[in-house]
Structure formats: structure tokens, C-alpha cells
Amino acid sequence: MAQYHLADLELVGHWRHLAERPGTCPQHLSERMSEVPAKITAMDLPTALAGLDAHPWATVNHAYGPAEDLPGLLRTFAAGGEDAEEALGELYGSIVHQGTVYAASVDAAPYLARIAASGRQTVDALRLLGCLAESEDEHDVEPGAVRAAVTAQLPLLSTLLADEDPAVRQAAGWAVGHTRDTRTALPAVRARLAAETEPAVRAELLTAYSRLDRAGAVTEARALLGPDTPAPLRLAAVFASLDAEEPWLAAHRDAVLGLLPARETAGSGYADEHREPLRSIVGILLRRDGDADRESALVLLDAALRDERPEVWAEALWAADHACTLSRSAPQRLIPAIVPLAADWAAAQLLGKIGPAAAEAAPVLAELAAQPDDEAADQALAALVLVSPRAAAPLLARALGRRPRAMQCAAGSYAPADAPFPFDPELFAAVRTRLAAKAVERSEGRGDCGCSTTEQHNDTAGLVHLLRQWGSRAGGALPELCAVLPVFPYAATAITAVAAGVGPEQREQAATALRAGAGKLFVARALYGLTGETGPLFAAAEAALATGVRGVAEGARAVADLGPAAARLAPALRTALGRTADRDTTPEVDGYLALALALWRISGDAAEVVPVLASVFDACEDQQWFRRTAARAARELAVLGPAGRALTARLHALLDDPAQAPSAVLGLLAVADPAGLDRTRLAEAALHSAETRADLEGACDALRALGAAALTPAQHDRLAALATGDRRLVVFGSEHAMIREDEQLRAALASVLDGVD
């Protein structure tokens with residue numbers, strides 16, 4: 001067995017002493033470091049894994065429980081061979097699961113470091129150690145313990161900075177930099193950077209330097225922005241400048257433009273945040289939220305979008321998409337450069353996300369939508385549907401069935417909820433024809449040739465949804481809707497909507513079709529909406545109340561709006577409430593809430609309902625997964641008015657949680673004693689929810705309900721900053737709807753300001 005004991009550690013200790021000595025020359029330090037690897041890498045595998053089996057792994061947990069499987073995984077990984085890759089994947093999944101680290105991660109770090117030092121699986125072991133040190137998502141472990149465990153291995157890891165293999169040196173830079181250690185790691189990285197000649201490794205070392213000492217790294221970076229600097233190092237220098245919050249200069253802009261396309265260059269490094277360099281750079285500048293930085297980001301993007309090389313403007317489009325979701329002023333600045341690229345899928349999609357503000361793109365999109373290539377025409381028409389719906393309607397009519405993406409934008413999941421697709425006679429006729437054909441196909445047992453069941457369902461749903469949006473103007477399509485109802489019950493919602501525009505005879509035909517399917521709850525609800533018949537609705541609701549958890553909530557909500565007219569169902573509601581579950585789950589608690597609110601609307605008995613609502617809040621207390629249920633309960637119990645006053649304290653308890661605060665405010669305004677309400681505090685809770693993006697829509701509703709008198713001058717100014725600032729508030733959700741939702745939110749906030757000015 002090779003000896004890796006006192007003599008080796010003494011050498012490492014001597015090197016550390018040199019690193020800490022003031023005035024030590026980096027070149028001399030690098031030369032001394034080169035003495036260590038020859039001895040360290042002599043460690044054989046048995047030495048690296050010494051004590052592995054005797055370690056008390058069962059006493060520490062990883063992502064899947066006790067870490068008793070780690071010895072086998074570490075040994076298989078270290079041995080190499082065909083099973084090593086699978087073992088490495090399981091190690092990632094257990095000790096740094098989706099970026100989360102655990103107590104077992106602490107115990108695994110020394111073995112991974114020794115495996116790396118033994119020359120076995122060195123690059124992979126270093127990368128895994130870097131991921132451990134990088135994580136700030138710690139579960140059931142002392143804060144910083146995992147990074148400290150990796151830092152403790154620096155006597156081994158730092159020596160690998162001078163390994164003869166560039167891949168090892170680069171991985172070592174990645175791992176060492178993530179320790180954030182300035183005592184040992186920083187001088188080691190600086191010394192190696194002074195001696196390193198391989199561009200990709202130098203770039204990794206500069207990135208590590210920036211993590212360890214931003215001020216020192218940016219001094220180094222300033223001299224590396226010129227065209228003579230190798231591309232990986234130049235890109236690392238740009239990011240080092242951004243990390244240090246350096247003012248963005250023409251030298252930075254020229255460096256980035258000279259690097260484009262930069263994806264391949266970024267791919268030579270390990271930093272995930274640099275994988276899409278132009279997108280990341282633009283995002284950093286826009287998040288600074290200053291006028292100069294915003295202008296710099298948009299100038300940079302505009303230049304990249306106008307580059308003649310497809311690979312450059314493709315990268316720029318991805319960055320422009322990000323910019324438009326971060327900055328309210330970005331679309332208007334970038335649209336002129338995006339429109340000429342509209343034939344590209346990414347450009348067309350971005351124009352669609354921007355919506356009517358991209359109206360100048362409509363003629364180009366219309367021309368592209370008329371081309372014979374169905375795929376290309378569909379992507380252009382999908383964008384046109386969102387940019388200029390009226391211009392898109394006739395084009396969609398002429399190609400209905402061949403433009404699924406455009407149809408989805410007109411009537412499916414991408415359709416703006418607040419802006420129904422405009423009624424167009426030509427499109428209406430095409431929808432009727434296609435829906436009639438589907439009814440015939442299904443009656444004959446045929447499906448759409450070449451289409452999956454899901455595609456057929458989505459197509460039918462889109463047709464039905466368009467007719468439902470058009471309401472009484474689509475009354476002529478009632479026969480087609482009734483024909484597809486037996487195989488597509490969702491058509492019931494459209495039948496009720498369009499029947500308002502037909503005569504008594506056609507309404508009775510619609511009612512007959514709905515009665516045939518009224519065993520389904522939502523069909524029975526549609527029948528009630530059309531004719532006022534309660535019998536089928538009561539029967540379907542009672543059946544739902546007797547089924548599983550989901551049926552309970554649906555049944556309760558179906559009859560709640562009927563009020564006392566649904567008194568015959570009160571016993572069924574009470575029976576459902578009396579059923580107990582082994583444990584509270586979100587559907588169970590949602591069901592209790594729906595049952596209690598339905599009982600209130602039917603009986604008006606607060607003595608019966610308030611204890612149930614109190615139990616809902618009890619079940620949700622301190623439960624992360626029930627936060628939405630608690631917020632919904634707070635908002636919906638407003639229907640009780642003063643009868644819910646006993647729940648005031650429960651609502652006050654929600655005000656400190658930004659995700660629940662707006663609903664709590666609305667509930668308190670309805671049920672609490674007005675004389676005891678601190679409206680300024682309620683306004684603060686709602687405003688904080690908006691500022692933290694926790695519940696933007698709810699915050700708007702709460703601020704509207706509070707009114708002008710609740711806002712202090714300082715709160716008014718903060719609200720104005722949200723409404724008029726350049727930073728978008730909607731930063732998560734459907735990528736297709738974020739820009740549109742932010743514009744809707746800005747209008748809502750502006751209306752609140754109008755009410756308080």
C-alpha cells in the first residue's frame with residue numbers, strides 16, 4: 001500500500017504556509033505547488049477508500065434516507081468501468097439532489113477528495129465536489145457544513161490545480177473556487193492563474209478568482225477584454241467585470257460583440273450561469289435596473305439582432321426573449337430589429353408573446369402565414385393571432401385543421417383570457433364545417449387520419465372554445481355542438497353560451513341534448529344554466545358528494561350558488577363533512593372548505609360553518625403545501641360577512657406571509673370589525689406581497705378594496721414605482737403569457753393609483 005501520511009501532509013502544510021506569507025511571489029508559489037502532485041497522486045485506491053465500510057453511514061441521511069448505500073456507490077464510482085457512470089448519477093441524485101445537500105454530503109466529501117487525488121475519476125469527482133460546495137440549499141444540516149467539508153479538503157484539491165492534465169486543472173479550479181475560501185484557495189488560484197497557459201483553464205481560474213475575490217479578479221480582468229485575448233478567457237473577464245458590478249463600458253460591449261456567437265465558447269467552461277452568455281449578460285445588466293445599464297443591454301442586443309450571421313442573431317433572439325420578460329421598455333426598442341427575422345421560429349414566437357405592441361410586425365407575419373409550407377405558415381400565423389387577431393382570422397379560416405399552433409393561440413391555452421378571439425363570419429363557417437365533420441367521423445367510428453387522440457381532443461376543444469367565446473353570435477352552430485356532445489361533454493359549456501341567440505325550438509333541442517348527458521355534473525350545471533332545471537343538477541351533485549375527494553369539492557361548488565334552493569342537499573353535504581380521512585391532504589382540506597361554504601350559502605348557519613372553517617385554518621397552519629388552500633379560505637370566507645368575525649384572528653395570522661396576505665386582507669375587510677382594523681398595516685401587507693411577487697393579482701384586488709385612505713405617502717410612492725418602473729413584476733408562470741400578464745397587471749396597478757391620486 002502506498003504511504004500517504006505525515007510526510008505528504010507536511011509538504012502540503014509547508015505550501016500553505018508559503019501561500020499565507022506576505023509578499024510570496026505567485027510564480028514561486030506555483031513552482032512549489034508543482035512539487036506536491038507527484039507525491040499526492042501516488043495514493044492508491046485502497047488508501048483513498050480507507051475506513052469507508054466502517055463509517056457510520058446509517059446515522060446520516062441523503063435525499064432518500066439513511067446513506068447506507070454510499071459505500072457501494074463510492075467504491076463502484078472509484079473503480080471506473082461500465083458501472084461508474086451509473087454510480088456517479090446516483091451519487092448526484094442522493095447527496096446533491098437537484099442542488100440540495102444533506103448531512104451525508106458532509107461525510108462523502110473526504111472520500112470524493114481522496115478519490116480525486118488518487119487519479120481515479122478525478123474530473124468527475126472534482127465536479128461533484130464543486131457542486132457540493134456551490135449549493136446553498138441545505139436540508140437537515142448545519143448551515144455551511146457541506147461547503148466547510150469540501151473546504152477542509154483543500155490540501156488535496158489545491159494540488160490538483162497544477163496537474164499535468166488540463167481537464168483536471170480546470171475541474172480543480174471549478175471545485176476550489178466554490179469553497180469561497182480566501183485563506184488557502186485564493187492564493188492557490190492566483191498562483192495557478194499566473195502560471196497557466198491553457199485558455200479554457202485560465203478562464204475557469206479567473207471565474208474561480210472572481211468567486212473568491214471579486215475586487216482582485218476584476219483588476220485582472222480589465223486587461224483581458226481585448227481581441228487578442230483567447231475567447232474563453234475574454235468571456236470570463238466580461239463576467240468577472242459584471243460580478244464586481246463594474247460600470248459597463250464600450251470595451252465590454254466590443255468584447256461581447258467580438259465573441260459572438262458565444263455559446264460554444266461558454267460551453268468550454270463549467271459555470272451554468274454562463275451557458276447562454278449573451279442572455280446572461282443582458283439579464284445582469286437589466287436587473288441592475290439603472291437607465292445606463294438598461295440602455296447598454298438594449299444597444300448590445302440590437303447590434304446582435306442585426307448581425308448578418310444566422311448563428312449570431314439566433315443567440316440574440318434567445319437573449320431578446322429574456323430581455324422582454326424582464327424589461328417593460330425592451331419590446332418597443334427591439335421590435336424593429338426582430339421583425340425582419342420573423343421567418344425564424346424564435347422570432348415569430350417572441351412577437352406573439354409581445355402581442356399587440358408588436359403591431360408593426362403584422363404585415364410581415366401575414367405574408368409568412370400565407371406561404372405553402374404548413375409548418376412555417378403555422379408558426380407565423382400563431383404569432384399573428386396574438387399580434388393582430390383580426391388580420392389572422394380569415395387566414396385561420398382558410399387553413400383550419402392545418403394550423404394547430406395558431407388554433408391553440410386563438411382558442412387554447414395561449415389564448416388571452418381577457419381578449420376573446422374576434423368573431424369572423426368566414427372563420428365561424430369553417431369552425432362549423434370542421435366540427436360537423438368530427439361528429440360524422442365519430443358517429444362512424446373513425447378518427448382524424450394521422451392524428452393522435454390528444455391532438456384530436458385538443459382540436460375539438462379549440463373549436464368548442466371559440467364558439468363558447470362568441471356566445472350568442474355563434475347560435476347557428478348549436479346543431480354541431482349537440483352532435484359532438486355525447487363524445488365531447490365539454491361542449492355543454494358552449495351550448496349554454498350560444499343558445500342565448502336562438503329561438504325556443506332550438507333551445508329545447510339543446511336542452512334535450514343536455515338532459516341526455518346530465519349524469520355528468522358539469523353537463524347538469526350547463527342544463528341548469530340553460531333551463532333552470534334543478535333536478536338533474538341535484539342528482540349529479542349528490543352522486544359527486546358520495547364519491548371521492550375530488551367529487552366532494554366539485555359537488556359542493558356546483559350547488560353553492562343556488563343558496564336556499566338547494567336545501568335538500570344539506571344532509572348530503574353534512575354527511576360528506578362527517579367522513580374522516582386518515583390524514584389531511586390538500587384535496588381533503590379543499591373539500592372541507594367547499595363543503596362549509598356551500599352549507600353557509602344554503603343554510604346561513606354560522607354556528608355550524610365557522611368551526612369547520614376554523615378546522616381548515618388549523619389544518620393549514622405551518623404547512624407549506626396548504627398555503628394556497630389557506631389563502632383561498634381567507635378570500636372565500638368573505639361571503640360570511642360579520643358572521644365570520646370569530647375567524648378574525650386566523651386571518652390576522654396570515655398577514656405576515658406575502659403569499660397569503662392579500663387574501664387575508666380581503667377576508668378581514670369583509671368579516672372584521674371595521675373599527676378595529678389597522679388599514680395602513682393591511683396596505684403594507686398587500687404592498688409587500690406585490691413587491692415580492694408573491695400574489696400580484698391578489699395584491700391588486702386588496703389595494704383596490706382598501707382604497708386611498710389606507711395608503712401613506714411612502715406607500716403611494718412604492719405603489720407608483722411598481723406600476724411605472726421598467727422591471728416587470730410577473731417573473732414566473734407560462735412563458736407564453738408572462739409579458740401579457742405583466743401588462744395587465746401594470747394596468748391594474750395604474751387603476752389603483754388612479755383611485756388614490
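What you are looking at is a predicted structure, and each value in this text was computed from that prediction instead of being measured.
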**Message:** Let's go through L481 and F488 carefully: what are the C-alpha distance in whole Å and the side-chain angles of both, what is the deciding distance for side chain to side chain contact (heavy atoms under 4.5 Å, CB included) to 0.1 Å, and is it a yes or a no?
**Reply:** CA-CA 9 Å; L481 287 168; F488 195 76; over 6 Å; no
**Message:** Can you tell whether the side chains of E743 and R740 come within less than 4.0 Å, N to carboxylate O?
**Reply:** no
**Whether R507 side chain and A499 backbone form a donor-acceptor pair below 3.5 Å** = yes
**Asked** Hey, are the side chains of C620 and V589 touching, using non-hydrogen atoms and a 4.5 Å cut-off?
**Response** yes
**Complete:** On a heavy-atom basis, the closest approach of L613 and A596 is CD2-CB, 3.9 Å
**Message:** Can you tell whether the side chains of E508 and R515 come within less than 4.0 Å, N to carboxylate O?
**Reply:** yes
**Fill in**
In short, L334 meets C324 closest at the heavy-atom pair CD1-SG, 4.4 Å
**Complete:** To the nearest 0.5 Å, atom CZ of R728 lies from atom CZ of R693 at 11.5 Å
**Prompt:** What is the minimum heavy-atom distance between A524 and A540, and which atoms define it?
**Reply:** CB-CB, 4.0 Å
**Message:** Please check: side-chain N/O of D321 versus main-chain N/O of L350, any donor-acceptor pairing under 3.5 Å?
**Reply:** no
**Request:** Would you mind reporting whether T534 and V559 have side-chain heavy atoms less than 4.5 Å apart?
**Result:** no
**Request:** Tell me, with the steps shown, if D374 and R402 meet salt bridge (Lys or Arg N to Asp or Glu O under 4.0 Å).
**Result:** CA-CA 7 Å; D374 280 345; R402 303 198 314 276; 3.6 Å; yes
**Request:** For R574 and E608, run side chain to side chain contact (heavy atoms under 4.5 Å, CB included): C-alpha distance rounded to whole Å, both residues' side-chain angles, the deciding distance at 0.1 Å, then the answer.
**Result:** CA-CA 10 Å; R574 295 187 179 101; E608 178 181 32; 2.5 Å; yes
**Message:** Can you tell me if E697 has over 12 outside heavy atoms packed within less than 6.0 Å of its CD?
**Reply:** no
**Message:** Could you check whether any side-chain heavy atom of Q509 comes within less than 4.5 Å of a side-chain heavy atom of L478, counting everything from C-beta outward?
**Reply:** no
**Request:** Measure from the side-chain N and O atoms of R432 to the backbone N and O of G476, and report whether any donor-acceptor pair falls under 3.5 Å.
**Result:** yes
**Prompt:** In Å and rounded to the nearest 0.5 Å, what is the CZ to CG distance from F421 to L396?
**Reply:** 5.5 Å
**Message:** I'd like to know if the side chain of E542 and the backbone of L569 have a donor-acceptor N/O pair within less than 3.5 Å.
**Reply:** no
**Complete:** So CG of D605 and CH2 of W600: to nearest 0.5 Å the spacing works out to 8.0 Å
**Item:** For A646 against V610, the heavy-atom pair lying closest together
**Value:** CB-CG1, 4.2 Å
**Item:** Check: T575 side chain, P571 main-chain N or O, donor-acceptor pair, under 3.5 Å
**Value:** yes
**Prompt:** Do the rings of F423 and F428 sit parallel, tilted or perpendicular, given the 30° and 60° boundaries?
**Reply:** tilted
**Request:** State the CD-CG distance between E533 and L514, to the nearest 0.5 angstrom.
**Result:** 9.0 Å
**Message:** Is it the case that the side chain of R468 and the backbone of T493 share a donor-acceptor pair, with hydrogens and angles ignored and the cut-off at 3.5 Å?
**Reply:** no
**Prompt:** Can you find a pair of side-chain heavy atoms, one from L651 and one from V665, that are under 4.5 Å apart?
**Reply:** no
**Message:** Determine whether D590 and T629 satisfy the following criterion, side chain to side chain donor-acceptor pair (under 3.5 Å), listing intermediate values before the conclusion.
**Reply:** CA-CA 6 Å; D590 284 344; T629 298; 2.7 Å; yes
**Prompt:** If every non-hydrogen atom of A541 is compared with every non-hydrogen atom of G555, which pair is closest and at what distance?
**Reply:** CB-O, 4.0 Å
**Message:** Run the salt bridge (Lys or Arg N to Asp or Glu O under 4.0 Å) test against R704 and tell me which residues pass, sequence neighbours left out.
**Reply:** D701
**Request:** Please report the C-alpha distance between V464 and Y490 in whole Å, then the side-chain angles of each, then the deciding distance to 0.1 Å, and finally whether the side chain to side chain contact (heavy atoms under 4.5 Å, CB included) criterion is met.
**Result:** CA-CA 8 Å; V464 168; Y490 173 73; 3.7 Å; yes
**Prompt:** Between Y592 and V552, is a side chain to side chain contact (heavy atoms under 4.5 Å, CB included) present by the stated rule, with each step listed?
**Reply:** CA-CA 9 Å; Y592 297 147; V552 166; over 6 Å; no
**Prompt:** Within a strict 4.5 Å, meaning less than it, do heavy atoms of the D742 and T325 side chains meet?
**Reply:** no
**Item:** Close side-chain approach of C700 and L749, heavy atoms under 4.5 Å
**Value:** yes
**Request:** Please determine if E480 and K438 form a salt bridge, counting it only when a charged side-chain N lies under 4.0 Å from a carboxylate O.
**Result:** no
**Message:** For R635, is there any backbone N or O sitting under 3.5 Å from a side-chain donor or acceptor partner on S663?
**Reply:** no
**Prompt:** If you draw a 6.0 Å radius around CZ in R645, do more than 12 non-hydrogen atoms from other residues or ligands fall strictly inside?
**Reply:** yes
**Asked** With side chains defined as the heavy atoms from C-beta onward, is the minimum distance between E426 and R398 less than 4.5 Å?
**Response** yes
**Prompt:** Any sub-3.5 Å donor-acceptor pair from S689's side-chain atoms to A661's backbone N or O?
**Reply:** no
**Asked** Looking at CG of D561 and OH of Y528, how far apart are the two atoms once the value is rounded to the nearest 0.5 Å?
**Response** 8.5 Å
**Message:** Using modelled atom types and a 3.5 Å cut-off, is there a donor and acceptor pairing between side-chain atoms of E554 and backbone atoms of G551?
**Reply:** no
**Asked** Does the side chain of F617 come within less than 4.5 Å of L637's, by heavy atoms?
**Response** yes
**Asked** Near R390 CZ, under 6.0 Å, is it more than 12 heavy atoms from other residues, nucleotides or ligands?
**Response** no
**Item:** Short side-chain to backbone donor-acceptor contact, S388 and L384, under 3.5 Å
**Value:** no
**Prompt:** Between CG of L395 and CG of L381, what distance do you get to the nearest 0.5 Å?
**Reply:** 6.0 Å
**Fill in**
Between I602 and G563 the two heavy atoms that sit nearest each other are CG1-O, 3.4 Å
